[in-house]
Structures are given as C-alpha cells and as structure tokens.
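Every number for a ligand or one of its atoms is a count from 1 in the order of the listing. Nothing fancy with the numbering, it's 1 onward along the sequence.
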Amino acid sequence: MSSIKIECVLRENCRCGESPVWEEAANSLLFVDIPAKKVCRWDSLSKSVQHVTVDAPISSVALRQGRGYVATIGTKFCALNWEDQSAVALATVDKDKKNNRFNDGKVDPAGRYFAGTMAEETAPAVLERHQGSLYSLFPDGHVEKYFDQVDISNGLDWSLDHKIFYYIDSLSYSVDAFDYDLQTGKISNRRSVYKLEKEEQIPDGMCIDTEGKLWVACYNGGRVIRLDPETGKRLQTVKLPVDKTTSCCFGGKDYSEMYVTCARDGMDPESLLKQPEAGGIFKITGLGVKGIPPYPYAG
Ligand SMILES: O=C(O)[C@H](O)[C@@H](O)[C@H](O)[C@H](O)CO
Ligand SMILES: [Zn+2]
C-alpha cells in the first residue's frame with residue numbers, strides 16, 4: 001500500500017474553487033473561483049499565483065491548442081488571453097434563460113469543449129431545477145446541444161478508449177455514462193454507473209485515471225471517491241480536511257499527484273474556524289495511480 005499524503009498547497013480562500021487543470025508546459029495548476037469571477041494560475045515551482053478577473057461568473061477553464069486558454073464565462077464560451085487579460089466570446093448559449101450560467105466544462109479527446117449550464121444558485125445546491133443543458137463547442141466554432149432538463153451540470157470525462165462519456169448532473173446523485181462517438185461527438189444510451197451513498201453527499205467534479213477508474217469529488221462529503229464504472233463499485237475513499245470538495249484532476253510529475261478544489265460559500269463561521277483551509281487547493285500524493293494530460297481545445 002502506498003502512503004497517502006494530503007496537503008493544502010495554496011490557501012486561496014476561494015468562494016467556490018472549481019475546474020482544476022494541469023498545464024504541464026508551465027508546471028502550473030489552473031483553476032477558477034466561480035462567484036469571484038476569477039481564474040487563477042498557480043506555479044508549482046515558484047508557488048506563486050496569478051489571477052485574471054472577468055466580468056461574469058467563470059465556471060471552467062481549459063487549455064487551447066497553440067495559444068492561450070478557453071473558459072466558460074456566464075453563458076459564453078470564451079477565448080482567454082492571459083497576457084492582456086482579455087476574454088473574447090466565441091459563442092453564447094441559453095439566450096432565453098437570463099438566470100442561467102455555465103458550470104463545469106472539459107475538452108474531449110478530439111478537442112471539443114464540453115460544458116453544461118444551470119440556473120444561478122440562491123445558496124449552494126438551491127436553485128430553480130431543470131433549467132440547464134449540456135453543450136459542446138466544436139473546433140470550427142459551432143455549438144451543439146445534447147440535452148436539457150439538467151439541474152446542476154457537473155463532472156465530465158471520457159474513457160481511455162474514447163468510447164464512453166461520463167457525466168454528472170449533481171442533483172441526480174448519480175454518475176452516468178453514455179456511448180461516445182469520437183468522430184461525430186454524439187452521445188447515446190444514457191445509464192447510471194454509480195449512485196452516491198448518503199454520506200457521500202453531492203457528486204461534483206470528476207476525472208479519470210490511467211486504469212480507467214473515475215475519481216469524483218463529493219461536495220459536502222469532504223472526500224474524493226474512486227469508482228469502477230464497469231462494476232459500479234466504489235474502490236476507495238480519500239477524505240480531506242474540508243467538507244465542500246468540488247473537483248479534482250491529476251497533475252504534477254507524470255500526473256502522479258491529484259489536485260482538489262473546494263469552496264467556502266455556504267459555510268457558517270463555526271465551520272470556517274474548524275476548516276481554515278476551506279477554499280484552498282489540496283494536493284494528494286501517494287495514491288499509487290496516475291492521471292492523463294488534459295486535452296486542449298482544438299479551435
Ligand atoms: O461548483 C459547482 O459545480 C457549482 O457551481 C457549485 O455551486 C456547487 O458545486 C454545488 O452547489 C454543489 O452541487
Ligand atoms: Zn462542479
């Protein structure tokens with residue numbers, strides 16, 4: 001057994017940290033603080049952090065082939081230029097839903113940027129239901145819509161053979177799978193591969209490891225869990241010293257470290273005293289399993 005170590009590497013006090021993405025070329029971790037309208041880049045070597053502030057909630061960030069980044073800001077897919085701190089809209093969704101915003105997003109193995117929407121929350125997990133949809137931005141700049149009726153569009157990733165798309169609508173308390181056609185970007189045959197147990201609370205962000213197992217951050221559950229999507233069994237639970245764990249990704253040397261984001265919003269003063277690292281960035285080492293590099297948006 002490897003020995004697991006959990007460390008808060010950055011006390012960022014994020015209101016809602018999300019969308020951790022490892023940028024290998026810069027030895028850095030990208031992540032967002034959604035309500036703070038902020039995207040951050042933490043340099044793992046110098047331990048310094050840079051921020052870019054945008055004009056609406058920023059819910060995910062991803063690498064872009066060639067230059068810069070892409071991000072979901074408000075209801076827009078945007079190109080993000082770090083140097084001049086500009087965000088340029090590439091496409092807008094949910095134009096008829098003024099209270100909606102994007103939530104989690106990730107790029108597929110063919111370079112399409114997938115992201116879903118949700119109604120804005122009045123408190124964590126309190127919102128008008130069934131308002132969200134799942135979309136993707138293709139490399140040619142057009143947007144496709146997959147389905148609607150989503151509560152809180154969250155974790156997403158693809159199987160190692162690219163034939164399955166995994167997806168979480170948080171308030172379904174389920175991790176779902178679809179057949180995936182990488183050529184066309186089409187999904188079909190939705191089914192559940194894991195139902196969360198009560199103490200695991202709300203499934204949020206997700207990533208896959210090199211063994212094809214899924215890691216899911218459990219909001220209010222203070223943990224990440226490792227699931228076998230083939231058997232539907234939970235293989236491992238790793239608890240963190242904060243309750244509102246929101247998302248996870250692999251990074252660091254050979255993608256052998258796991259980075260976990262979390263939130264402060266919705267915590268009372270007493271819990272904040274008990275969990276002073278809430279809103280920080282956590283690094284987990286010694287898991288004995290690795291992840292895969294993130295795919296860049298190909299447009
Ligand atoms: O980060 C997200 O995915 C949402 O934007 C958050 O608000 C919380 O995670 C959600 O409330 C818990 O389900
Ligand atoms: Zn999330």
Side-chain angles (χ1 to χ4, degrees), residues 12-21 30-40 54 56-62 71-75 93-94 97 99-107 113-135 150-157 166-176 195-196 198-208 214-225 240 242-249 258-268 271 278-282 294:
E12 184 64 17
N13 285 348
C14 285
R15 290 180 55 193
C16 184
E18 265 285 353
S19 186
V21 177
L30 293 160
F31 60 96
V32 300
D33 183 347
I34 303 175
K37 306 176 182 173
K38 208 167 72 171
V39 51
C40 309
V54 295
I58 178 166
S59 61
S60 73
V61 60
T72 49
I73 304 176
T75 51
V93 303
D94 288 359
K97 294 200 184 266
N99 192 39
N100 271 23
R101 65 161 171 84
F102 266 121
N103 199 39
D104 208 354
K106 194 175 274 179
V107 175
Y113 189 6
F114 274 64
T117 56
M118 61 187 278
E120 191 52 274
E121 295 170 309
T122 50
V126 181
L127 74 172
E128 190 184 349
R129 298 193 61 170
H130 312 311
Q131 298 304 302
S133 299
L134 180 70
Y135 297 96
V150 177
D151 289 323
I152 300 180
S153 191
N154 248 317
L156 47 182
D157 216 336
Y166 296 107
Y167 178 72
I168 292 170
D169 180 349
S170 290
L171 299 189
S172 71
Y173 296 89
S174 169
V175 179
D176 290 351
K195 293 269 187 206
L196 273 85
K198 205 167 185 353
E199 61 167 35
E200 293 169 340
Q201 300 282 344
I202 304 177
D204 199 328
M206 164 167 67
C207 67
I208 198 160
L214 301 174
W215 289 83
V216 177
C218 301
Y219 183 89
N220 283 345
R223 68 192 72 191
V224 289
I225 53 176
L240 286 96
V242 287
D243 287 336
K244 294 189 181 293
T245 33
T246 54
S247 193
C248 51
C249 79
M258 173 174 277
Y259 287 90
V260 181
T261 51
C262 59
R264 286 175 83 81
D265 273 10
M267 292 177 69
D268 57 35
S271 322
I281 300 295
F282 287 83

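- In A263, neither the side chain nor the backbone holds a heavy atom less than 4.0 Å from any atom of ligand 1.
- For the atom pair CZ of F31 and OG of S60, the computed distance is 14.5 Å after rounding to the nearest 0.5 Å.
- Its N, O or S atom nearest to the Zn ion (ligand 2) is what matters here, and for D204 that atom is OD1.
- With a heavy-atom cut-off of 4.0 Å, I34 touches ligand 1 through its side chain alone.
- If you take CZ on F102 and CD1 on I34, they are separated by 12.5 Å, rounding to the nearest 0.5 Å.
- By the 3.5 Å distance cut-off applied to N or O atoms, T246 is not counted among the residues near ligand 1.
- Separating the SG atom in C248 from the CZ atom in F282 is a distance of 13.5 Å, to the nearest 0.5 Å.
- Near D204, meaning under 4.0 Å from any of its heavy atoms, are these atoms of ligand 1: 1 (O), 2 (C), 3 (O), 8 (C), 9 (O).
- Among the atoms of Y219, no N, O or S atom is found under 2.8 Å from the Zn ion (ligand 2).
- The closest protein non-hydrogen atom to atom 13 (O) of ligand 1 is I202 CG2, 3.4 Å.
- Any N or O atom pair closer than 3.5 Å counts here, and Y219 shares no such pair with ligand 1.
- Against a heavy-atom cut-off of under 4.0 Å, P124 is close to the following atoms of ligand 1: 11 (O).
- No side-chain heavy atom of V32 sits under 4.5 Å from any side-chain heavy atom of K38.
- The residues K97 and E128 are annotated as not salt-bridged, no charged nitrogen and carboxylate oxygen being separated by less than 4.0 angstrom.
- Per-residue contacts place R101 under 4.0 angstrom from the following atoms of ligand 1 (heavy atoms of the residue considered): 5 (O).
- A donor atom on one side chain and an acceptor atom on the other are found under 3.5 Å apart for T246 and T261.
- Defined by atom type and a distance below 3.5 Å, a donor-acceptor pair is missing between the side-chain atoms of N100 and T75.
- The closest protein non-hydrogen atom to atom 10 (C) of ligand 1 is E121 OE2, 3.4 Å.
- Of the possible polar contacts, one joining the D169 side chain to the D151 backbone as a donor-acceptor pair under 3.5 Å is found.
- At least one heavy atom of I152 sits closer than 4.0 Å to an atom of ligand 1.
- Considering backbone and side-chain N/O of A125, one or more are found under 3.5 Å from N/O of ligand 1.
- Between D33 and R15, none of the side-chain N atoms (NZ, or NE/NH1/NH2) sits under 4.0 Å from a carboxylate O, so this pair counts as no salt bridge.
- In this structure, the protein non-hydrogen atom closest to atom 4 (C) of ligand 1 is N103 OD1, 3.5 Å.
- Its N, O or S atom nearest to the Zn ion (ligand 2) is what matters here, and for E18 that atom is OE2.
- Among protein heavy atoms, the minimum distance from atom 1 (O) of ligand 1 is reached at E18 OE2, 2.6 Å.
- No side-chain donor-acceptor contact under 3.5 Å links D204 to the backbone of Y219.
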